[in-house]
Amino acid sequence: MNLKQTLSARSGVSDRIRDWWAGAPMWTRWLVYLLLLLFVVFVLPTEGVASIMSPQTDWITTLWDPIGIYILLALGLNIVVGQAGLLDLGFVAFFAIGAYSVGVLGREGWPFWGTVVAALAIAAISGIVLGAPTLRLRGDYLAIVTLGFGEIIRIVARNTTYIGDSRGISDLPRPPSMFGLDFNDVLDASAFYYLIVAMIVLVIVISVRLNKSRVGRAWAAIREDEDAAELMGVPTFKFKLLAFFVGAMVGGLAGTGQMGGVQGYIQPENFPFILSATILVCVVFGGSGNIPGVILGAFIIAWLPERFRFLDDYRYMLFGAVLVIMMIVRPEGLLPSRQRKAEMQEGTGGMGSMGAEVATPTTAAPEVGGK
């Protein structure tokens with residue numbers, strides 16, 4: 001059995017599990033949620049898991065940054081790309097805005113949680129500022145504009161003396177000790193890990209609630225066919241702007257949770273375009289629009305380079321080969337939802353209309369001129 005047949009068989013298994021889950025009673029779902037949370041809190045950060053998953057690095061630190069940060073960013077980008085079908089190549093800008101807001105306001109004497117609330121508001125407003133003039137655009141045109149926005153934020157940060165210019169900001173504020181967690185111990189990242197887990201759980205709850213609401217149905221209609229949604233009375237611009245608003249807020253939350261790493265330091269070069277591209281890879285690789293898939297994709301993308309650190313620079317070659325093979329044999333992602341898998345087979349690429357249909361193994365690319 002070749003790789004493609006193996007993945008196809010596993011896809012059938014995942015479909016059966018998904019069908020079972022859809023018909024499972026509520027108590028069963030809550031029991032599974034509780035068991036998963038207990039595993040993440042009490043089992044995942046243990047030494048036994050660390051010796052297997054990350055023998056060359058501190059596993060707790062890796063779980064927090066990059067794995068936890070990537071998952072949080074991917075959940076935020078999934079709202080924009082996976083649920084609303086808007087290709088955003090500058091998502092790292094909101095990550096930077098959240099981190100810099102905490103740094104600047106903390107330097108001015110604000111309490112930590114006050115800086116977090118302000119950072120979320122600033123990031124959300126930035127999403128509106130970006131989306132209001134640009135969401136009339138579609139597909140690759142929107143992607144180019146958002147890419148430029150991400151670069152503008154990084155360049156402004158690098159050239160603005162008030163926020164540290166190229167030197168960045170040091171001594172970022174840390175949360176006060178709570179529930180027995182000490183955030184001032186730079187040798188132990190467990191406190192930051194549990195904080196990022198709490199943030200991820202919060203974002204998952206919000207994403208699920210939105211996806212099952214009228215807002216989620218409107219996003220799905222826009223993603224599948226924006227013109228048809230407009231004709232059916234869906235205020236597409238308003239809902240697209242809402243997607244940018246919520247996604248930007250989650251990106252800003254990730255910035256507040258990063259807090260400059262254990263060293264408490266950030267600089268503009270921490271927020272390059274490649275990070276936006278990597279988070280987009282997490283969403284597509286895991287299964288755009290499907291929250292468990294996005295989490296799994298972000299976990300793998302963040303973990304693989306750390307696990308194979310002993311290969312030095314060759315680990316990136318291995319990492320790239322895994323991505324290429326997966327996109328060839330399973331372009332819909334590891335754990336796609338049924339709806340998104342059908343969209344991929346119809347040729348929309350799983351991210352709305354990108355200005356042209358995307359050929360998949362089951363669809364042929366359209367000829368030039370539509371012939």
Partner set under side-chain contact (heavy atoms from CB on, under 4.5 Å) for E226, not counting sequence neighbours: R138, I222, T236, K240
Non-hydrogen atoms of A248 and A124 that approach each other most closely: CB-CA, 4.3 Å
ILVMFWY cluster, V43 and V40 together (side-chain gap under 4.5 Å): yes
Under 3.5 Å: donor-acceptor pair, side chain of N159, backbone of I155: yes
Flag side-chain contact, heavy atom, 4.5 Å: I295 against I204: yes
Any R29 side-chain heavy atom under 4.5 Å of V32 side chain: no
Residue pair S126, L130: steps toward the side chain to side chain contact (heavy atoms under 4.5 Å, CB included) verdict: CA-CA 6 Å; S126 300; L130 171 62; over 6 Å; no
Listed partners of N270 passing side-chain contact (heavy atoms from CB on, under 4.5 Å), at least two apart: I266, Q267
hydrophobic_cluster_shared for F42 and M53, side chain cutoff 4.5 Å: yes
OG1-CH2 distance between T28 and W30, expressed to the nearest 0.5 angstrom: 13.0 Å
Same cluster (ILVMFWY, side-chain, under 4.5 Å), V80 and I144: no
Sub-4.5 Å side-chain heavy-atom contact between L86 and L135: yes
ILVMFWY cluster, M317 and M326 together (side-chain gap under 4.5 Å): yes
N/O donor-acceptor pair under 3.5 Å between T256 side chain and G98 backbone: no
pair L142-L87: side-chain heavy atoms closer than 4.5 Å: no
ring-ring contact (aromatic ring centres under 6.0 Å, His included) contacts in which one or both residues fall within residues 152-172, not counting sequence neighbours: none
Where at least one partner belongs to residues 295-307, residue pairs that pass side chain to side chain donor-acceptor pair (under 3.5 Å), sequence neighbours excluded: E306-R309
Straight-line distance of L31 CG to L36 CG, nearest 0.5 Å: 9.5 Å
Within residues 202-221 or reaching into it, pairs that qualify as salt bridge (Lys or Arg N to Asp or Glu O under 4.0 Å) - sequence neighbours excluded: none
Heavy-atom pair with the smallest gap, counting every atom of A123 and G252: CB-CA, 3.8 Å
Shortest non-hydrogen contact from F91 toward G76: CZ-C, 3.6 Å
Within 6.0 angstrom of M178 CE, more than 12 heavy atoms from elsewhere: yes
Nearest atoms (heavy-atom pairs only) where L72 meets V250: O-CG1, 3.5 Å
Atom pair CG/OG of L181 and S190 - distance to nearest 0.5 Å: 6.5 Å
Could you go through residues 109-118 and list every donor-acceptor pair under 3.5 Å that involves a side-chain atom there, pairing it with any protein atom two or more places apart or in another chain?
residue, atom, partner, partner atom, Å
T115, OG1, F112, O, 2.4

Joint cluster assignment, V208 & W27, ILVMFWY side-chain distance < 4.5 Å: no
Spacing of CG belonging to N78 relative to CG belonging to L73, to within rounding of 0.5 Å: 12.5 Å
Nearest-0.5 Å distance, CD1 of residue I52 to CD of residue E47: 12.0 Å
Check: T134 and T146 side chains under 4.5 Å, non-hydrogen atoms: no
Those residues that, when tested against V129, pass side-chain contact (heavy atoms from CB on, under 4.5 Å) (two or more places apart): I125
Intermediate values then yes/no, side chain to side chain contact (heavy atoms under 4.5 Å, CB included), I169 and V102: CA-CA 10 Å; I169 300 178; V102 168; over 6 Å; no
Working for side chain to side chain contact (heavy atoms under 4.5 Å, CB included), residues Y193 and L44: CA-CA 11 Å; Y193 168 66; L44 192 58; 3.8 Å; yes
Qualifying salt bridge (Lys or Arg N to Asp or Glu O under 4.0 Å) pairs, either residue in residues 109-121, two or more places apart: none
T278 side-chain N/O to I274 backbone N/O, donor-acceptor pair under 3.5 Å: yes
Distance-minimising heavy-atom pair for S207 and I79: OG-CD1, 3.8 Å
With sequence neighbours excluded, residues passing side-chain contact (heavy atoms from CB on, under 4.5 Å) with L147: L89, E151, F273
Any I153 side-chain heavy atom under 4.5 Å of F149 side chain: yes
Approximate separation, where rounding is to 0.5 Å, of D88 CG and I279 CD1: 12.0 Å
Chi angles and distances behind the side chain to side chain contact (heavy atoms under 4.5 Å, CB included) call for F183, L195: CA-CA 10 Å; F183 292 92; L195 176 63; 4.0 Å; yes
Name of the residue among I122, I163, L172 meeting side chain to side chain contact (heavy atoms under 4.5 Å, CB included) with V104: I163
Of all pairs that satisfy salt bridge (Lys or Arg N to Asp or Glu O under 4.0 Å), the ones with a partner from residues 265-291, not counting sequence neighbours: R154-E269, R158-E269
ILVMFWY clustering at 4.5 Å (side-chain atoms), partners of I152: V156
Close side-chain approach of V197 to L63, heavy-atom, < 4.5 Å: no
Non-hydrogen atoms of G90 and S276 that approach each other most closely: C-OG, 3.6 Å
All pairs passing ring-ring contact (aromatic ring centres under 6.0 Å, His included) where residues 201-245 contributes a residue, at least two apart: none
